[in-house]
4 protein chains.
Amino acid sequence: MPRKKEKKPVNAYHAHRERQRRRILDAAWKLFDERGIDRITMAEITLVSGVQPSTMYQYFSNKDDIVWAILRELMQEVSERAKRTLEDAPNAMARLAALLDFLADELANNPIRVRFMAQFDAMYARDWPAERLMTLESQINPEGFEVFTEIIREGIADGSLRADLVPDLTIHAVVNAVIGAQRRLASLGNKIELEYGKPIDRLFRETIRVLLLGLRAPESPKPRQSRKWKTADGSTRKRSA
Amino acid sequence: MPRKKEKKPVNAYHAHRERQRRRILDAAWKLFDERGIDRITMAEITLVSGVQPSTMYQYFSNKDDIVWAILRELMQEVSERAKRTLEDAPNAMARLAALLDFLADELANNPIRVRFMAQFDAMYARDWPAERLMTLESQINPEGFEVFTEIIREGIADGSLRADLVPDLTIHAVVNAVIGAQRRLASLGNKIELEYGKPIDRLFRETIRVLLLGLRAPESPKPRQSRKWKTADGSTRKRSA
Amino acid sequence: MPRKKEKKPVNAYHAHRERQRRRILDAAWKLFDERGIDRITMAEITLVSGVQPSTMYQYFSNKDDIVWAILRELMQEVSERAKRTLEDAPNAMARLAALLDFLADELANNPIRVRFMAQFDAMYARDWPAERLMTLESQINPEGFEVFTEIIREGIADGSLRADLVPDLTIHAVVNAVIGAQRRLASLGNKIELEYGKPIDRLFRETIRVLLLGLRAPESPKPRQSRKWKTADGSTRKRSA
Amino acid sequence: MPRKKEKKPVNAYHAHRERQRRRILDAAWKLFDERGIDRITMAEITLVSGVQPSTMYQYFSNKDDIVWAILRELMQEVSERAKRTLEDAPNAMARLAALLDFLADELANNPIRVRFMAQFDAMYARDWPAERLMTLESQINPEGFEVFTEIIREGIADGSLRADLVPDLTIHAVVNAVIGAQRRLASLGNKIELEYGKPIDRLFRETIRVLLLGLRAPESPKPRQSRKWKTADGSTRKRSA
DNA sequence: GATGAATGAGTTTTCATTCAT
DNA sequence: AATGAATGAAAACTCATTCAT
């Protein structure tokens with residue numbers, strides 16, 4: 001951004017900076033997951049990344065900065081994936097199912113990511129103002145939660161979801177529960193399995209199944225579906241109308 | 001040596017010790033909630049509790065000790081209350097509802113407690129072996145989760161819950177989700193309200209409502225219960241008519 | 001000493017005090033050997049002895065006091081034993097051999113005692129004035145080193161020891177070397193065996209043998225002995241006549 | 001990253017590091033001798049050396065590190081000097097005498113060094129595994145004790161030493177005694193002189209004289225014996241008659 | 001005389017951050 | 001832009017000893 005040197009050199013610089021940045025973020029990311037964000041010191045990040053402390057301060061002025069940088073990348077990835085997931089679904093119920101399914105897949109395939117979010121939640125609760133996250137969210141996903149609320153609305157309209165749901169209340173209630181469950185399972189992982197005697201993936205998919213059952217409109221005469229995702233339910237076509 | 005101290009002195013000593021212990025735990029508890037367990041140093045606890053550092057070390061040998069002592073007290077209280085709640089309920093469905101309702105009440109009336117548990121979860125995930133918690137649990141609640149699993153089983157048997165539930169899977173899935181939701185709401189509190197625009201109590205009760213709907217047996221001709229608790233539900237009576 | 005109460009009670013007191021004292025000394029003695037005097041805290045001694053800190057301070061006002069009390073007991077025992085050893089020996093050479101032999105037996109049979117003395121030496125080197133030890137020695141063994149010097153003198157006179165020895169120089173030189181060797185072997189113990197590949201008892205007896213060879217008068221025509229002790233040499237009777 | 005720094009900077013940095021290290025070691029070394037290793041705290045070393053505590057921890061991570069660093073330097077110096085001493089000696093007896101003499105010179109001229117070794121012995125006895133020292137020794141002096149054992153062997157062969165010596169037993173017995181005597185004299189120093197009334201140097205040289213006399217072959221007619229061990233003795237029968 | 005609680009004055013160690021080059 | 005050294009401020013924990021009962 002700042003016109004430092006001419007074109008070529010600038011790009012070279014840029015590439016170098018980017019590479020350094022990556023080294024730092026990758027090292028931090030790995031360490032954060034292994035030992036917990038709070039337990040990791042700047043010194044360890046420099047050690048693992050191979051960058052000197054003094055150099056690191058030219059990229060990130062403290063650990064928070066690193067955490068937020070990681071968060072931004074994560075949210076971007078997740079947001080894109082989630083959007084892609086929703087694109088394929090034909091109707092509200094399918095979109096809802098796809099969304100929850102996506103979270104289950106994340107838990108199964110990217111537990112590190114979910115664990116990071118769990119850690120972030122804990123820090124966010126205390127260390128940062130809500131605005132900071134909301135700003136970030138609005139950059140990454142300008143439409144906000146409206147998309148999700150819309151799903152409920154649509155589902156009610158097409159009769160696949162219970163009529164007594166309150167769109168923007170229900171969606172947040174459900175999303176919060178699913179996220180809460182997902183992150184709890186990811187961070188407690190093996191401990192949950194030890195205590196409950198069930199693999200976390202099955203627990204989470206059962207959670208999703210029950211929630212979808214709870215959202216679905218009653219008496220819809222036997223919905224049947226062809227879903228390929230491993231979960232529960234999904235979509236009432238044709239609805240009885 | 002053993003038969004030295006008579007009744008009085010012992011009790012006096014004991015009472016004193018107990019009072020000191022309380023001062024420390026109360027100070028810690030307050031600080032932990034205000035600023036986060038990780039952020040609190042032993043020095044601060046001594047400062048707030050008014051005991052000298054060296055004295056404190058005669059009661060608790062480190063912060064973990066304090067955390068676990070608080071946890072034990074909390075779990076004891078919660079366990080007792082939860083048991084009392086279940087006693088009054090006439091059938092499985094009522095017991096289930098009562099249980100979830102109890103968690104909603106906790107969130108509404110004792111958010112500090114719930115926030116502490118949320119913090120504990122985060123530490124437990126990294127710093128302590130599963131055995132430690134399981135031992136504590138078995139001391140406080142020797143029956144374990146069996147009580148809960150039994151609820152589902154009973155509900156299936158009396159037709160109030162869906163027949164396709166897997167008792168010990170479903171109960172853990174639901175409990176984990178509710179706990180996850182509850183703790184997330186408690187710790188993010190006002191931030192959730194800012195982002196979602198809904199009070200956390202309503203969000204949580206909606207979560208419970210949806211879950212209960214998801215568990216309840218479908219089109220059961222006339223499930224009727226006379227629940228007086230404040231929650232959710234809103235079940236579509238008269239259906240099928 | 002201070003006429004506190006009447007006879008009986010005094011004795012009862014005395015017996016009690018003596019028992020408490022013993023408990024403390026025994027605990028300290030054990031701990032000192034296991035983990036090193038410097039590493040042992042007063043708190044540990046109270047813990048192991050079962051006596052409260054505040055009580056202990058009525059017996060010993062600090063760790064040094066305990067160390068010196070142990071030292072006194074040790075020196076008394078050793079001194080008595082050593083004297084007894086010397087009594088049986090018929091002549092200078094036998095007495096010398098018996099003395100050194102006695103030290104070898106101590107190393108073999110009472111390594112703890114020797115290790116304590118090694119530790120004491122290290123502390124004595126820094127923490128206490130020479131007078132303190134000299135006073136103690138003069139109480140326990142009023143004759144001092146004269147006895148030993150006398151042995152050399154006698155041995156020279158009877159022709160069993162080299163004529164060119166300087167009694168009070170040589171005896172101290174030899175005693176210091178033997179003590180130095182003995183304590184080094186006792187405290188380094190297994191490490192010496194690891195490094196040198198020889199059991200410490202054999203090393204020590206070889207040291208004694210060489211020293212005695214070095215002290216003995218040369219060309220002594222036919223020394224022959226009847227020693228029952230396991231060690232070295234001993235004595236030329238009848239000599240030269 | 002690797003090919004960054006050219007010659008100059010590296011050396012400059014290095015030189016600085018080395019100077020700091022020296023300051024710390026010198027301060028420690030002085031304090032250790034004056035007041036005893038155990039009595040010296042890291043805080044005092046920083047105070048005397050003039051570096052901040054936090055800086056010091058970038059050089060040595062604890063007191064042990066410092067002790068071992070000093071030990072290494074000491075052993076290197078001593079080892080070199082000792083080797084040089086042996087080079088000049090024409091035969092086994094001369095080498096043996098030179099070796100012991102060297103120890104006497106050390107005691108006379110470098111009592112601090114010897115006192116440090118005495119202190120090290122005491123710590124080594126408790127605080128460190130034998131391997132640690134053996135590793136260091138093998139780095140500094142890869143030939144090990146073989147050189148010394150060889151002296152005895154050679155001396156026996158050329159008739160200057162008693163034939164009944166057991167090379168690797170005797171050498172260790174003698175070395176241990178001499179070292180034990182030397183370190184005891186160095187650490188008790190003035191106290192020994194007070195108690196014994198003789199200067200430590202004379203005492204030590206007398207010890208050496210007696211030991212050498214004990215090792216030397218009795219003059220003339222080839223003593224021969226068959227004893228292997230245990231007691232030794234070795235009294236020359238029938239001789240001289 | 002014994003007890004148990006209390007404590008002040010250390011000690012080691014850590015870490016985010018700055019500074020001169 | 002990068003480096004390596006330096007460091008202030010604090011954190012956790014220890015321990016000999018005293019005091020009120």
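Source: prediction; values computed, not measured. Just so it is clear, the values below take in all heavy atoms, side chains as well, and ignore hydrogens, waters and symmetry mates. Each chain gets a letter, A, B and so on, in the order the sequences are listed, and its residues count up from 1.
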(request) With heavy atoms under 4.0 Å as the rule, sort C:Phe60 into base, sugar-phosphate or nothing. (result) nothing
(request) Treat primed atoms plus P, OP1 and OP2 as sugar-phosphate and everything else as base, then score nucleotides 16-21 of chain F 5' to 3': B for base contact with protein heavy atoms under 4.0 Å, S for sugar-phosphate contact only, - for none. (result) SBBB--
(message) Tell me the interatomic distance from D:Arg19, atom CZ, to F:dA5, atom C1', rounded to whole angstroms.
(response) 12 Å
(request) Please step through side chain to side chain contact (heavy atoms under 4.5 Å, CB included) for the pair A:Thr46 and A:Gln52, ending with a clear verdict. (result) CA-CA 6 Å; A:Thr46 60; A:Gln52 293 309 106; over 6 Å; no
(request) Please determine if a side-chain N or O atom of B:Thr55 lies less than 4.0 Å away from the OP1 or OP2 oxygen of E:dT7. (result) yes
(message) Can a donor-acceptor pair be found, under 3.5 Å and without considering hydrogens, that links the side chain of C:Arg115 to the backbone of C:Ser187?
(response) no
(message) What is the separation between atom CG on D:Leu47 and atom P on E:dT12, rounded to the nearest whole Å?
(response) 12 Å
(request) Would you indicate whether the side-chain heavy atoms of C:Gln20 and C:Leu25 approach each other to under 4.5 Å? (result) no
(request) Report the stems of DNA chain F as range-with-range entries sorted by first number; a stem here is at least three consecutive pairs, Watson-Crick or G-U wobble, both distances under 3.5 Å, and write none if there are none. (result) E:2-21 with F:2-21
(request) Among D:Trp68, D:Trp29, D:Phe32, find the one that has a ring pair (Phe, Tyr, Trp, His ring centres under 6.0 Å) with D:Phe120. (result) D:Trp68
(message) I need the CG-P distance between B:Asp65 and F:dA12, as an integer number of Å.
(response) 14 Å
(request) Check whether any side-chain nitrogen or oxygen of D:His16 sits under 4.0 Å from OP1 or OP2 of F:dA6, and answer yes or no. (result) yes
(message) Other residues, nucleotides and ligands only: do more than 12 of their heavy atoms fall within 6.0 Å of NZ on B:Lys63?
(response) yes
(message) Expressed as a whole number of angstroms, how long is the span from A:Ile45:CD1 to E:dC15:C1'?
(response) 12 Å
(request) Look up atom NE2 in B:His14 and atom CZ in B:Arg17, then write down how far apart they are to the nearest 0.5 Å. (result) 9.0 Å
(request) For F:dA5, take OP1 and OP2 only and decide whether either is under 4.0 Å from a side-chain N or O of D:Tyr59. (result) no
(request) Give the rounded distance in Å between these two atoms: CE of A:Met56 and P of F:dG4. (result) 14 Å
(request) In whole angstrom, give the distance that lies between atom CG of B:Asp64 and atom P of F:dA12. (result) 11 Å
(request) Determine: side-chain N/O of A:Arg17 to OP1/OP2 of F:dA1, distance under 4.0 Å, yes or no. (result) yes
(request) To the nearest Å, give me how far apart CD (A:Gln20) and C1' (F:dA2) are. (result) 9 Å
(message) Taking D:Arg22 first and then D:Glu73, would you say they form a salt bridge - that is, a charged N and a carboxylate O separated by under 4.0 Å?
(response) yes
(request) State whether D:Arg35 and D:Glu44 are salt-bridged, where the test is any N-O pair (Lys NZ or Arg NE/NH1/NH2 against Asp/Glu carboxylate O) under 4.0 Å. (result) yes
(request) May I have the distance from A:Asp38 (atom CG) to E:dT14 (atom C1'), rounded to whole angstrom? (result) 16 Å
(request) Considering just the side-chain nitrogens and oxygens of A:Gln52, establish if one lies under 4.0 Å of OP1 or OP2 belonging to F:dA1. (result) no
(message) Keeping B:Lys191 on the side-chain end and A:Tyr124 on the backbone end, is there a donor-acceptor pair under 3.5 Å?
(response) yes
